[in-house]
Amino acid sequence: DAGVIQSPRHEVTEMGQEVTLRCKPISGHDYLFWYRQTMMRGLELLIYFNNNVPIDDSGMPEDRFSAKMPNASFSTLKIQPSEPRDSAVYFCASSLGSRKTGELFFGEGSRLTVL
Amino acid sequence: DAKTTQPPSMDCAEGRAANLPCNHSTISGNEYVYWYRQIHSQGPQYIIHGLKNNETNEMASLIITEDRKSSTLILPHATLRDTAVYYCIVRVAGAGFQKLVFGTGTRLLVSP
């Protein structure tokens with residue numbers, strides 16, 4: 001299996017622009033997570049889905065952020081409009097809920113820089 | 001989920017055992033101890049988890065005290081590639097309990 005695939009790996013944009021980050025989870029996994037990592041705040045859980053349905057979005061910072069999962073093999077995290085403080089590495093992860101280990105598999109991340 | 005406390009940083013000589021402690025004094029009976037690590041610029045990687053018995057796999061060993069209030073992750077022969085941030089996380093396992101909340105972790109530096 002190719003693992004969790006994220007794109008783009010790097011994104012540089014200007015303040016006010018729309019940013020869309022993409023994630024393809026591991027085939028067969030029914031949970032998908034979006035995390036954000038910064039030096040100041042560490043790894044923060046933004047939102048997670050189960051069977052394409054958002055379960056907990058309490059970590060989404062504000063209305064500028066939105067996440068969707070239209071099908072089991074694709075999810076997007078959108079920021080509109082972007083601000084410099086959104087600069088971070090965004091990680092997507094997936095897991096198989098039926099496994100008691102609860103292991104999450106992470107992608108390589110998308111490094112976002114907002115100028 | 002129970003809170004965990006880890007030292008912010010540790011050093012280890014290459015080839016020696018690295019023992020990373022974690023305190024979780026408020027752990028509940030149905031909560032597991034998980035360890036993940038994050039090598040620079042990569043996504044976190046699962047290492048091991050346990051409930052109350054000691055566990056070992058190809059990456060590490062996990063020692064959980066009898067009262068379950070603390071645990072130690074052991075890397076038996078640390079290499080330079082083990083330099084990473086190690087996260088100890090406590091949470092309930094099983095379907096419906098997938099959420100992982102990361103703390104600040106321990107930054108392990110393995111030196112030649």
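Residue numbers start from 1 in every chain, and the chains themselves are labelled A, B, ... in the order their sequence lines are given, proteins ahead of strands. Only heavy atoms go into these numbers, but all of them, side chains included; no hydrogens, no water, no symmetry mates.
No other option in B/Gly103, B/Gly105, B/Pro44 has as many heavy-atom pairs under 4.5 Å with chain A as B/Pro44.
The closest side-chain heavy-atom distance from A/Phe33 to B/Leu100 is not below 4.5 Å.
In this structure, B/Gln42 and A/Phe91 approach most closely via the heavy-atom pair O-CZ, 3.6 Å.
Put simply, the side chain of B/Tyr36 gets close to the backbone of A/Leu104: a donor and an acceptor are under 3.5 Å apart.
Under a hydrophobic clustering in which Ile, Leu, Val, Met, Phe, Trp and Tyr are joined whenever their side-chain heavy atoms come within less than 4.5 Å, directly or via other members, B/Phe102 and A/Met60 fall into different clusters. With hydrophobic clusters built from ILVMFWY side chains whose heavy atoms lie under 4.5 angstrom apart, A/Val114 shares a cluster with A/Phe65. Connection of A/Ile79 to A/Met15 is established within a shared hydrophobic cluster, with ILVMFWY side chains joined at heavy-atom distances below 4.5 Å, either directly or through further cluster members.
With a 4.5 angstrom heavy-atom cutoff, A/Leu43 touches chain B via backbone and side-chain atoms both. Contacts of A/Asp56 with chain B are made by side-chain atoms alone, with heavy-atom separations under 4.5 Å and no backbone atom involved. Using a 4.5 Å cut-off between heavy atoms, A/Gln37 touches chain B through its side chain atoms alone.
Heavy atoms from other residues, nucleotides or ligands lying under 6.0 Å from CD of A/Glu83 number more than 12. In this structure, A/Arg111 places its CZ atom where only 12 or fewer heavy-atom neighbours from other residues, nucleotides or ligands lie under 6.0 Å away. Residue A/Asn71 qualifies as enclosed at atom CG: its count of foreign heavy atoms under 6.0 Å is above 12.
Rounding to the nearest 0.5 Å places CZ of A/Phe105 at 9.0 Å from OH of B/Tyr46.
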